[in-house]
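Ligands are counted one by one from 1 in listed order, and the atoms in each one are counted from 1 as well.
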Amino acid sequence: MASDSSTAASIATSGGIDPVTGLDAADLGVPAKGLREPTLLSQDERLRGRPKLCSDCGLCDSQFKTLMASSCTFVRQHIPDIEQRLHGRTRRAGDELCFGVFRSMHAARMQQPQPGAQWSGLVTSLGAKLLETGQVEGVITAASAPGTRFAPRPMLARTPDAVRASAGNKPCLSPNLALLDQVREAGIRRLAFIGTGCQVQILRAAEPQLRAELGLERLDVIGIPCSDNVTYPDLQFFLHQVSRSPDTIVHYEFMQDYSLWMRHDDGEIERVNFIDFPMDKLDGVFPSACLSCFDYANSLADITIGYMGARLGWQWLLVRTERGQALFDLIKPQLEFRELDSAGDRRRGMPRYIHMLAEPPGKPPKLIRKLIAFLQRHRGPRGLEFARAVIEMKLLRNLHYLRTHFPRFEARVVHPAVYQALAPYAQDYADSFGRPLDPKAATSVSDSKG
Ligand SMILES: Cc1cc2nc3c(=O)[nH]c(=O)nc-3n(C[C@H](O)[C@H](O)[C@H](O)COP(=O)(O)OP(=O)(O)OC[C@H]3O[C@@H](n4cnc5c(N)ncnc54)[C@H](O)[C@@H]3O)c2cc1C
Ligand code: SF4
Ligand code: SF4
């Protein structure tokens with residue numbers, strides 16, 4: 001395989017001329033910043049002129065930019081209101097606090113895995129099926145930018161093959177909502193959208209206006225869980241820090257066994273334990289928006305399709321809405337299932353994690369790291385408990401980040417279920433940080449003192 005980073009670098013330095021097609025990014029009908037492929041740009045270049053928190057969801061590149069103030073989740077989150085609209089209720093106590101409202105959860109995978117897919121290809125198979133059966137006229141998905149494997153290029157797919165060709169993660173910020181302009185130009189009334197949690201939150205917040213302005217009769221939302229996304233140059237930096245051969249990686253995933261698996265073009269799989277990541281070198285790699293993100297599980301989608309609540313090799317599905325049920329029924333005949341299960345106890349390790357957030361320790365010696373990785377793999381949370389643990393840890397980490405860097409945003413950006421989900425650790429949080437976890441608790445204490 002050609003070196004992904006060298007080809008991408010050549011596009012980046014060639015002013016946006018794609019070496020594969022010879023076309024300028026602007027000729028390819030994609031949202032462009034200047035003449036360059038937008039998803040190849042650095043954080044600074046992409047987010048210039050944007051609010052402090054922006055995940056480049058694409059809305060502000062479209063004619064619907066005027067909806068930013070009322071729809072952007074980093075201006076104000078609307079999760080409880082949208083849940084009321086979608087489900088007639090907000091989250092119940094228990095798993096919904098972390099996972100969002102759902103009707104059913106499954107561990108499943110395609111009976112015939114799709115080549116090139118991230119896992120078994122459930123997401124793109126479902127998108128393709130919607131076009132095949134004529135239920136939608138277009139699917140917004142993320143293909144690879146020409147000449148790269150991992151840089152996304154949002155695409156309005158009109159054929160099942162085009163959706164299938166977009167399989168596989170492009171683990172970088174992708175301005176998918178910019179394609180709403182193409183939806184309007186093409187006169188599409190029945191649309192499916194595949195995207196990350198921030199994109200879906202913003203799409204849902206803008207949905208009433210979009211339905212009216214685009215004349216949308218149907219909108220199917222297929223969500224993927226998402227955390228710690230990056231720009232393409234930062235992704236390459238990350239891969240150079242963790243891999244012994246970053247230029248030959250063709251697929252990678254943060255696995256449920258607490259390690260990163262990187263498959264190289266010769267088929268070899270390189271594994272690096274999470275505990276061995278050089279965190280000291282990764283400062284500044286993750287955009288502020290992704291460190292201030294509180295919807296890991298993509299809770300406002302009709303159906304969420306990920307992997308982290310299922311055992312290794314299986315995918316995790318959350319069916320949320322009536323539409324989500326119809327999507328699940330559509331793809332179900334092509335799936336095989338296994339039971340969802342849960343092992344370990346995340347609550348035992350969480351007080352220590354909170355303490356480490358408040359007072360970051362140095363990196364332990366190699367032998368201790370080996371032992372920790374072993375214990376995580378064999379005694380740590382597994383199955384659904386792994387998903388709960390990872391989501392709770394990211395909620396805590398992101399709350400800490402927001403309070404440290406953007407404290408005035410907390411009241412607008414953090415939804416109430418975050419405090420409810422983390423309530424079991426309120427005392428540990430107060431002990432470690434010297435302040436209450438839930439700001440309302442602080443108010444009620446001072447109210448009662450007053
Ligand atoms: C940055 C990122 C982080 C993720 N983190 C987790 C996680 O922590 N836990 C978890 O369970 N799942 C996570 N996922 C989702 C997971 O890796 C798989 O994408 C999902 O399980 C679907 O697999 P599949 O084989 O069904 O998808 P495929 O059939 O291979 O299709 C993948 C779909 O994802 C879309 N896509 C790829 N990259 C992007 C992008 N950058 N932005 C928007 N859409 C994109 C493609 O357009 C395609 O439609 C993450 C995905 C991304 C992009
Ligand atoms: S996240 Fe989207 S809506 Fe919000 S500022 Fe960025 S591009 Fe605009
Ligand atoms: S981590 Fe959150 S903000 Fe960043 S791309 Fe994913 S869903 Fe969006």
Heavy-atom count check: over 12 atoms from other residues, nucleotides or ligands less than 6.0 Å from [X] [atom1]?
X	atom1	answer
R211	CZ	yes
D280	CG	yes
R379	CZ	no

Which of the numbered atoms in ligand 1 are below 4.0 angstrom from a heavy atom of [X]?
X	answer
T196	42 (N), 43 (C)
I194	49 (O)
A117	25 (O), 30 (O)
N229	1 (C)

Atom 8 (Fe) of ligand 2 contact by C60, N, O or S atom under 2.8 Å: yes
Heavy-atom contacts under 4.0 Å between R50 and ligand 2: side chain, backbone, both, or neither? side chain
Closest non-hydrogen protein atom to [atom], residue and atom name please, with distance?
atom	result
atom 1 (S) of ligand 2	S55 N, 3.5 Å
atom 50 (C) of ligand 1	P225 O, 3.0 Å
atom 6 (Fe) of ligand 3	C226 SG, 2.3 Å
atom 29 (O) of ligand 1	T124 OG1, 2.4 Å
atom 2 (Fe) of ligand 2	C57 SG, 2.4 Å
atom 8 (O) of ligand 1	Y296 OH, 2.6 Å
atom 10 (C) of ligand 1	Y307 CE2, 3.1 Å
atom 49 (O) of ligand 1	T141 OG1, 2.9 Å
atom 8 (Fe) of ligand 3	C198 SG, 2.3 Å
atom 4 (Fe) of ligand 3	C290 SG, 2.3 Å
atom 32 (C) of ligand 1	G168 N, 3.9 Å
atom 19 (O) of ligand 1	N169 OD1, 2.7 Å
atom 34 (O) of ligand 1	I224 CD1, 3.9 Å

Contact check: [X] vs ligand 1, nitrogen or oxygen atoms, below 3.5 angstrom:
X	value
G195	no
G116	no
C172	yes
W119	yes
A167	no

Please check if any side-chain donor atom of [X] sits under 3.5 Å from a side-chain acceptor atom of [Y], or the reverse.
X	Y	answer
E253	Q118	yes
S245	E270	no
T304	R320	yes
Q114	R164	no
Q84	T90	no

NZ/NE/NH1/NH2 to OD/OE distance under 4.0 Å, [X] and [Y]:
X	Y	result
R218	D220	yes
D276	R271	no
E137	R158	no
R50	D56	yes

I want to confirm something. Looking only at heavy atoms, which of [options] is nearest to [atom]?
atom	options	result
atom 22 (C) of ligand 1	V123, V200, D228, I140	V123
atom 43 (C) of ligand 1	L126, I222, N176	N176
atom 41 (N) of ligand 1	E253, Q256, K170, K394	K170
atom 5 (S) of ligand 3	D228, V200, N229	N229

For the residue pair Y401 and F406, categorise the inter-ring angle as parallel (less than 30°), tilted (30 to 60°) or perpendicular (more than 60°). tilted
Parallel, tilted or perpendicular: rings of F238 and Y252 (30°, 60°): tilted
Side chain, backbone, both or neither: which part of F74 comes within less than 4.0 Å of ligand 3 when only heavy atoms are counted? side chain
Within reach of ligand 3, part of S227 (heavy-atom separation under 4.0 Å): backbone
Could you check, using the six-membered ring where one of them is a Trp, whether W119 and Y307 have ring centers closer than 6.0 angstrom? yes
Is it true that Y425 and Y353 have ring centroids separated by less than 6.0 Å? no
Are any N, O or S atoms from C54 nearer to atom 4 (Fe) of ligand 2 than 2.8 Å? no
Contact between ligand 1 and Q315 is defined here as a heavy atom of the residue under 4.0 Å from a ligand atom; is it met? yes
Y296 near ligand 3 by a heavy-atom separation under 4.0 Å: no
For ligand 1, does A143 get within less than 4.0 Å through its side chain, its backbone, both, or neither, judged by non-hydrogen atoms? neither
With a heavy-atom distance limit of 4.0 Å, tell me whether A387 approaches ligand 1 through its side chain, its backbone, both, or neither. neither
Has the side chain of K170 got a donor or acceptor atom that lies under 3.5 Å from a matching backbone atom of G168? yes
Tell me whether Q43 contacts the main-chain N or O of V285 through its side chain, where contact means a donor paired with an acceptor under 3.5 Å. yes
Atoms of ligand 3 close to L173 [distance to a heavy atom under 4.0 angstrom, numbered from 1]: 5 (S)
Determine, step by step, whether E132 and K129 satisfy the side chain to side chain contact (heavy atoms under 4.5 Å, CB included) criterion, reporting the C-alpha distance in whole Å, the side-chain angles of both residues, the deciding distance to 0.1 Å, and the verdict. CA-CA 5 Å; E132 252 158 33; K129 192 90 185 160; 3.9 Å; yes
Aromatic F386 / basic R382 pairing, under 6.0 angstrom, 45° off normal: no
